Amino acid sequence: MKFTKRPKISIEEIRKLIAKEKVELPKYASPLINLANRFAQATRPKIVGQMSELIKDCPYRDFEGWKKWYLSKYPNAIEEATNKIMDMLSKFKEAIDMLDEDTVRKWVEDLVLVKTYIGLMVQEPILAYLSKRLGDGL
């Protein structure tokens, strides 16, 4: 059989072949959990191990073998990572409760006006500052 286009397989198709069960999460849950994980550093190697090395070291080549092997090596990693993320989500909830329209407006103004100006126009004030400093020193 000759293909005219390169065959494509989606992540969902791969997941069905490997894990069998699809994880259903509420809308916006995944990006929030991901953000909390980044802040909490819950899935760093010191917690869950160096995954790129562990997957190579695993003697099994099927998902169930990998799962059993990993959990035997790091029996508390999933729980520890979960706890760290839950703690950070709790902190997020506290922060969200403190947000109001005025706070959001201040953030938007700072981003759109101040940070944009600094990011795009920073060269001119720096050159003026250096010119003054170097000019005074000459």
Side-chain angles (χ1 to χ4, degrees):
M1 170 185 261
K2 186 172 181 170
F3 291 103
T4 55
K5 291 184 181 181
R6 295 177 89 180
K8 294 181 182 179
I9 185 167
S10 71
I11 292 293
E12 287 307 313
E13 290 171 310
I14 294 169
R15 180 185 301 274
K16 285 178 193 172
L17 294 170
I18 295 171
K20 307 296 184 217
E21 54 191 68
K22 183 178 179 183
V23 175
E24 296 286 342
L25 299 172
K27 190 172 186 176
Y28 306 122
S30 190
L32 283 172
I33 295 167
N34 190 34
L35 183 61
N37 179 47
R38 284 180 30 210
F39 275 87
Q41 300 183 355
T43 55
R44 291 281 174 99
K46 71 177 188 173
I47 307 290
V48 298
Q50 183 63 49
M51 303 311 284
S52 58
E53 293 303 314
L54 288 169
I55 200 79
K56 290 178 200 172
D57 294 344
C58 177
Y60 304 100
R61 295 293 165 235
D62 65 304
F63 175 72
E64 288 303 319
W66 154 252
K67 184 176 171 180
K68 286 178 186 172
W69 182 84
Y70 174 80
L71 292 173
S72 72
K73 289 256 188 215
Y74 289 84
N76 302 316
I78 302 296
E79 189 66 28
E80 189 175 344
T82 299
N83 291 339
K84 288 174 90 50
I85 292 169
M86 287 303 298
D87 182 54
M88 188 57 63
L89 287 170
S90 177
K91 292 174 184 174
F92 281 4
K93 284 180 186 178
E94 290 175 24
I96 286 172
D97 287 342
M98 293 188 289
L99 296 179
D100 58 14
E101 187 174 348
D102 186 54
T103 304
V104 173
R105 183 178 313 285
K106 287 176 185 175
W107 182 90
V108 172
E109 287 175 353
D110 184 59
L111 175 68
V112 172
L113 301 174
V114 177
K115 290 178 179 168
T116 296
Y117 186 84
I118 289 170
L120 300 176
M121 301 298 286
V122 72
Q123 182 178 349
E124 195 171 322
I126 289 173
L127 290 175
Y129 171 81
L130 290 174
S131 176
K132 183 179 180 193
R133 292 289 302 220
L134 293 174
D136 290 346
L138 293 175

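Nothing here was measured: the structure is a model prediction, and the numbers come from that model.
- L89 and L32 make their closest contact through CD2-O, 4.0 Å (heavy atoms, listed as atom of the first residue, atom of the second, distance).
- One hydrophobic cluster holds both Y74 and F63 under the rule that ILVMFWY side chains link at heavy-atom gaps under 4.5 Å.
- E13 places a side-chain N or O within donor-acceptor distance of the main-chain N or O of S10, the cut-off being under 3.5 Å.
- Between E53 and K56 a salt bridge is recorded (basic side-chain N to carboxylate O distance below 4.0 Å).
- When all heavy atoms of E80 and I47 are compared, the pair lying nearest together is OE2-CD1, 3.3 Å.
- L113 and V108 fall within a single hydrophobic cluster, where Ile, Leu, Val, Met, Phe, Trp and Tyr side chains are chained together by heavy-atom contacts under 4.5 Å.
- Within the structure, the salt bridge (Lys or Arg N to Asp or Glu O under 4.0 Å) test picks out no pair touching residues 63-73 (sequence neighbours left out).
- Put simply, the side chain of T82 gets close to the backbone of I78: a donor and an acceptor are under 3.5 Å apart.
- Within the 4.5 Å cutoff, no side-chain heavy atoms of C58 are placed close to those of Y70.
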Candidate pair S90 and D87, rule side-chain hydrogen bond (donor to acceptor under 3.5 Å, both in side chains), full reasoning: CA-CA 5 Å; S90 177; D87 182 54; 5.5 Å; no
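- The two atoms that bring K84 and Q41 nearest to each other are CE-O, 4.2 Å, heavy atoms only.
- Of all non-hydrogen atoms in K22 and R15, the two that sit nearest each other are CA-CD, 4.3 Å.
- In plain terms, the two heavy atoms of A81 and T43 that are nearest each other are CB-CG2, 4.3 Å.
- Under the 4.0 Å criterion applied to side-chain N and carboxylate O atoms, K93 and D97 are not assigned as salt-bridge partners.
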